[in-house]
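Just below is one structure, and these are the notes that go with it.
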Amino acid sequence: MPRPSSFPFTLPFLRQDFAASLVVFLVALPLCLGVAVASGVPAELGLITGIVGGIVTGLMRGSSLQVSGPAAGLTVLVLEAVRAFGLPALGVIVLVAGLLQIAMGLLRWGRWFRAISLSVVEGMLAGIGLVIIAGQLYAAAGLPAPDSGLDKLTGLPGALVDALGSRTALVSLALGVGTVLVIVGWRRMPRRARAVPGALVAVLLAALAAAVFGLPVETVRVSGVLEAVHLPGAEALSSLADPALLGTVLAFALIASAESLFSAAAVDRLHSGPRTDYDKELVAQGSGNALCGLLGALPLTAVIVRSSANAEAGARTKASRVLHGVWLLLFVALLPAVLAYIPLAALAGILVHAGWKLIPFKGVLTLWHRHRGEAVVLVATASAIVAVGMFEGVLIGLVLSVAKAAWEASHLRIEHSDDGRGSVRVRLQGTVTFLRLPQILDSLEALPTDRRVVLDLSGVHHLDHACRAALVTWAERHSGADAEAVRAEGASAGSVSSPH
């Protein structure tokens with residue numbers, strides 16, 4: 001099989017890439033709108049980000065088949081930023097975050113994002129998924145949602161009671177539930193039918209039902225893409241002096257980068273083409289975000305839903321993702337009025353389904369049985385995001401992950417074996433540092449003073465200077481006049497033995 005060219009439009013693969021681009025376009029269209037509405041910004045801004053992610057980021061080097069656009073994983077952070085600093089400041093935040101991503105890529109920091117604990121990333125996505133589901137259930141019923149994630153969850157029973165007492169809310173909620181059912185049920189359709197994404201079918205059916213039956217539901221408000229573009233002004237740029245805004249910029253850059261690079265690792269497993277260059281991909285993501293910031297649009301990341309659809313549809317080069325951006329641009333230019341027929345409840349249903357897919361239910365159970373500490377980090381990260389906030393939750397997860405790694409690094413097992421006749425054998429396993437010195441000396445000093453000791457250090461990963469000196473001192477005291485009283489074994493034994 002010929003190797004795919006780095007040039008985006010390679011004639012031998014144009015047919016496959018053209019077909020895949022149509023599939024990705026149909027997947028991306030409702031998601032761009034849904035993410036924008038869920039983020040509390042005009043729907044057109046989601047389409048602008050989708051266009052930039054397809055054409056600009058898509059043309060750049062990094063990953064060959066990964067597709068970028070507005071992501072459900074950033075809706076919570078964007079919503080918080082818009083509420084805290086206002087919509088005009090969003091462009092500045094995204095612009096500076098993009099420039100920070102470019103700098104990290106040029107400094108070749110992309111590979112270090114792979115060192116982030118997978119439990120923290122999955123916990124972050126799970127927490128985001130819970131907040132998205134809770135918030136979009138209010139949107140599906142046409143009810144105002146509380147600000148905090150915790151209030152969204154605890155307020156759901158009351159919201160359900162309110163919805164049951166309102167015909168309008170019940171109709172809207174039924175349309176949202178129907179959207180989710182269509183998306184889930186569409187997977188059982190014949191393979192040819194599944195070539196059309198279930199989310200698009202659900203939106204079309206919801207729009208048709210709302211128009212035919214005259215349902216009293218809110219639809220997408222459209223003002224035009226050009227009118228939605230707002231270049232950052234002097235007032236918005238001056239907000240960079242706010243330390244809280246700079247913290248949000250850092251959160252955007254780190255979370256968007258981590259999500260994109262973890263997505264790249266997943267997409268690389270779906271195809272046999274060139275592997276992702278993480279540093280170049282970080283520059284590509286940053287360039288896309290910088291342009292989105294200049295246009296006042298949503299931030300972009302690599303989106304696993306679109307990327308997997310691209311790979312599964314048979315894409316061979318980056319032409320498919322560039323073309324999907326072209327189709328989005330043509331749709332916005334030629335058919336913008338169509339958007340006004342899409343019910344907001346249908347978009348809420350799409351986001352509820354997307355949020356559900358972010359929660360790794362099976363992964364949590366597997367971790368609990370195999371790596372319980374990782375499961376605790378995952379659940380704690382998700383819970384902190386819901387209870388406190390996005391940035392704080394991720395920081396808590398990182399701290400817990402580092403603390404867990406430090407505890408495991410300093411974990412030490414001490415085993416004794418004594419048949420009552422020969423030498424007493426003491427086996428140390430793990431990392432031997434000064435933190436464990438009291439435990440080690442207590443065990444050694446409790447040994448019979450009239451018996452020879454074999455100190456087995458073959459299972460020791462690291463023996464620091466303080467412990468080595470303490471073991472030598474103990475060996476001298478225990479040995480007395482017997483040169484063979486203490487014998488150390490293993491690569492870490494060194495001078496830990498009888499001094500005679």
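Please read all numbers here as calculations on a predicted model, not as lab measurements.
A donor-acceptor distance shorter than 3.5 angstrom exists from the side chain of Arg321 to the backbone of Gly58, with no hydrogens or angles considered. With Ser238 contributing its side chain and Glu235 its backbone, the two residues share a donor-acceptor pair below 3.5 Å. The closest donor-acceptor contact from the side chain of Thr75 to the backbone of Ala71 lies at 3.5 Å or more, if one exists at all.
Counting heavy atoms from C-beta outward, Asp277 and Glu281 have side chains that stay 4.5 Å or more apart.
Closest approach of Thr381 to Val120, counting heavy atoms only: CG2-O, 3.8 Å. Taking both residues in full, the closest heavy atoms of Ala315 and Leu65 are given as O-CD1, 3.8 Å, listed atom of the first, atom of the second, then distance. Gly198 and Ile183 get closest at one heavy-atom pair: O-CG1, 4.0 Å.
Partners of Val201 according to the side-chain contact (heavy atoms from CB on, under 4.5 Å) rule, which considers only residues two or more places apart in sequence or in another chain, are Val182, Trp186, Val196, Leu205. With sequence neighbours left out, Ala380 forms a side-chain contact (heavy atoms from CB on, under 4.5 Å) with Leu400. Residues meeting the salt bridge (charged side-chain N to carboxylate O under 4.0 Å, His left out) test with Asp268, sequence neighbours left out: none. By the side-chain contact (heavy atoms from CB on, under 4.5 Å) test, Ala302 is found to be paired with Gln66, Ser68, Ser260, Ser263, Gln285, residues two or more places apart in sequence or in another chain being considered. The ring pair (Phe, Tyr, Trp, His ring centres under 6.0 Å) test applied to Phe18 returns Trp327, not counting sequence neighbours. Checked against side-chain contact (heavy atoms from CB on, under 4.5 Å), Ile55 has the following partners two or more places apart in sequence or in another chain: Ile51, Leu59, Val326, Leu329. Legend: residues meeting salt bridge (charged side-chain N to carboxylate O under 4.0 Å, His left out) with Lys404, ordered by chain and number and at least two apart, are Glu374, Glu408.
Atom CE of residue Met124 and atom CG of residue Leu398 lie 10.0 Å apart, to the nearest 0.5 angstrom. Between Ser401 atom OG and Ile396 atom CD1 the span is 13.5 Å, to the nearest 0.5 Å.
The number of heavy-atom neighbours closer than 6.0 Å to CZ of Phe331, taken from other residues, nucleotides and ligands shown, is above 12.
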- Take Leu367 and Arg372 through the side chain to side chain contact (heavy atoms under 4.5 Å, CB included) test and state the conclusion after the steps. CA-CA 6 Å; Leu367 282 177; Arg372 193 156 295 183; over 6 Å; no
- Task: Please lay out, stage by stage, how Leu344 and Val217 fare under the test side chain to side chain contact (heavy atoms under 4.5 Å, CB included).
- Result: CA-CA 8 Å; Leu344 292 179; Val217 294; over 6 Å; no
For residues 83-107, which side-chain N or O atoms pair as donor and acceptor with protein atoms under 3.5 Å away, sequence neighbours left out?
from: Arg83; atom 1: NH1; to: Asp147; atom 2: O; distance (Å): 3.3
from: Arg83; atom 1: NH1; to: Asp147; atom 2: OD1; distance (Å): 3.3
from: Gln101; atom 1: OE1; to: Asn289; atom 2: ND2; distance (Å): 2.7
from: Gln101; atom 1: NE2; to: Ser257; atom 2: OG; distance (Å): 2.9

Identify every side-chain donor-acceptor pair in residues 154-162 under 3.5 Å, counting partners at least two apart or on other chains, and give the distances.
from: Thr154; atom 1: OG1; to: Leu150; atom 2: O; distance (Å): 3.0
from: Thr154; atom 1: OG1; to: Asp151; atom 2: O; distance (Å): 3.4

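The stretch residues 355-385 participates, sequence neighbours left out, in these ring pair (Phe, Tyr, Trp, His ring centres under 6.0 Å) pairs: Trp356-Phe361. Residues in residues 209-229 take part in these salt bridge (charged side-chain N to carboxylate O under 4.0 Å, His left out) pairs, two or more places apart or across chains: Glu218-Arg221. Residues in residues 184-212 take part in no salt bridge (charged side-chain N to carboxylate O under 4.0 Å, His left out) pair, two or more places apart or across chains.
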